[in-house]
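Inspection log for the structure reproduced underneath, given as C-alpha cells.
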Protein chains: 2
Amino acid sequence: MKCVGHHDLVEYDAFLAACPSRQLLDRISGKWVTLALCALDDGPQRYSELARRVDGVSQKMLTQTLRSLERDGLLTRTVTPTVPVTVTYELTDLGRSLQGTVAALRAWAQDHMDQVAGHRQEFDLRT
Amino acid sequence: MKCVGHHDLVEYDAFLAACPSRQLLDRISGKWVTLALCALDDGPQRYSELARRVDGVSQKMLTQTLRSLERDGLLTRTVTPTVPVTVTYELTDLGRSLQGTVAALRAWAQDHMDQVAGHRQEFDLRT
DNA sequence: CGGAATCCTGCCTGATACTG
DNA sequence: CAGTATCAGGCAGGATTCCG
C-alpha cells in the first residue's frame, strides 16, 4: 500500500499506521540494528567479531538482526567454506546510506548522557 | 558508571552493555519516540493533536513515551487549568538537538521503502 | 565457527474501563 | 481533555542444546 499525496504523487508516510514505511521504521529503530550497523562501519566483519563488539547481544538476537538486515538489502552475508566455516558481514550501499543516521543516534546518546542524567535527577526530585 | 578512555578522559560507549549510554540509546531508539519527536517539530502541540498525528499509538504508549521524554529533558509538559484541562508538549533545546537525527531516520524509511521492498522480494525468492 | 531449534520468562503493548 | 488503572496476549529476548 502506498499513500497518495499531492499532485498525484505516490509517497510513503511513517505517521500512518498502515503505511509500509511505518513497519520499516519499526525495524530500523532499535538498539540492535543501530549497534550492528555502527559496528559494521569499520568494514567487513565476522559473526564472532560482531558478537564481541555488540556487547550483551544474544546469539539469537544478533542472528535475527543480521538476517533481517540482509533481507532488507542493508548488508551482505558471505559464507567461506573453510573448516570451520567463516561468515563475513558487510554493509551494502543501501546500508551505508543509513549508517550515518544510526551513528548519529549512538553519538547523541553518548554525548548527551550527562545532560539527560541531570534532567532525570531534577525530574525525580520534583515528583 | 562511566567508561574510562584514553588520556584519563571519561567517556561513554554504547557498545558496552553496562554503559548508561546503552540504556539511553535503547530509550531513544524506537518508533514511538521517533514519531513523537518528529511530530513535535511543527511546534508545541496538545496531547490530542499528537495522538492524531502519531496514528496507531495507544493512549498508554503515547503517555508513557511523552513522560519518559519529559523526564529526560527532551520536552516540556505544560498544564493550563482551563475546563477541561489543556496540556501542551514542546521540544526543549535538548530535544531539538535530537530532532534532526530522528527525522532523518523517518525520512530514510520513507525514501528507501521501495528499494527495501525490492530486496525483500529477491531475498525471499532465493530461499 | 556460526548458526538452528527449542523452551521459557517477562515486559511491552493494546484494549477497556474509570476519573478529575 | 488528558490522563490513570487494570487486565490479558504476544512477542522480544535469554538460556540451553544440537548440528554442519
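Naming: A, B, ... by sequence-line order, numbering from 1 per chain.
Of the candidates dG2(C), dG3(D), dG14(C), the closest approach to any side-chain atom of R77(A) belongs to dG2(C). The side chain of S48(B) lies closest to dA2(D), out of dA2(D), dG20(D), dG13(D). The side chain of R67(B) lies closest to dT4(D) when the candidates are dT4(D), dT13(C), dA15(D).
When the P atom of dG13(D) is taken as reference, atom CG of L62(A) falls 13 Å away, rounded to whole Å. When the C1' atom of dG3(D) is taken as reference, atom CG of L66(B) falls 11 Å away, rounded to whole Å. Rounded to an integer number of Å, the gap from CD of Q59(B) to C1' of dC1(D) is 10 Å. Summarising the geometry, the separation between CE on M61(B) and P on dC12(C) is reported as 8 Å, rounded to the nearest angstrom. Across the protein-nucleic acid pair, K60(B) atom NZ and dC7(D) atom P stand 12 Å apart, rounded to whole Å. Between Y47(B) atom OH and dT19(C) atom C1' the separation is 14 Å, expressed in whole Å. For the pair Q64(A) CD and dG14(D) P, the computed distance is 10 Å after rounding to whole Å. Computed from coordinates, the Q45(A) CD to dG2(C) C1' distance equals 15 Å when rounded to whole Å.
When atom types are taken as modelled, the side chain of D72(B) and the backbone of V116(A) share no donor-acceptor pair closer than 3.5 angstrom.
Side-chain contact, T86(B) with Y47(B): no donor N or O sits under 3.5 Å from an acceptor N or O. For the residue pair W108(B) / T101(A), no side-chain donor-acceptor distance below 3.5 Å is found, with atom types taken as modelled.
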Original post:
Can you check side chain to side chain donor-acceptor pair (under 3.5 Å) on D111(A) and Y12(B), steps first, answer last?
Top reply: CA-CA 8 Å; D111(A) 296 344; Y12(B) 295 107; over 6 Å; no

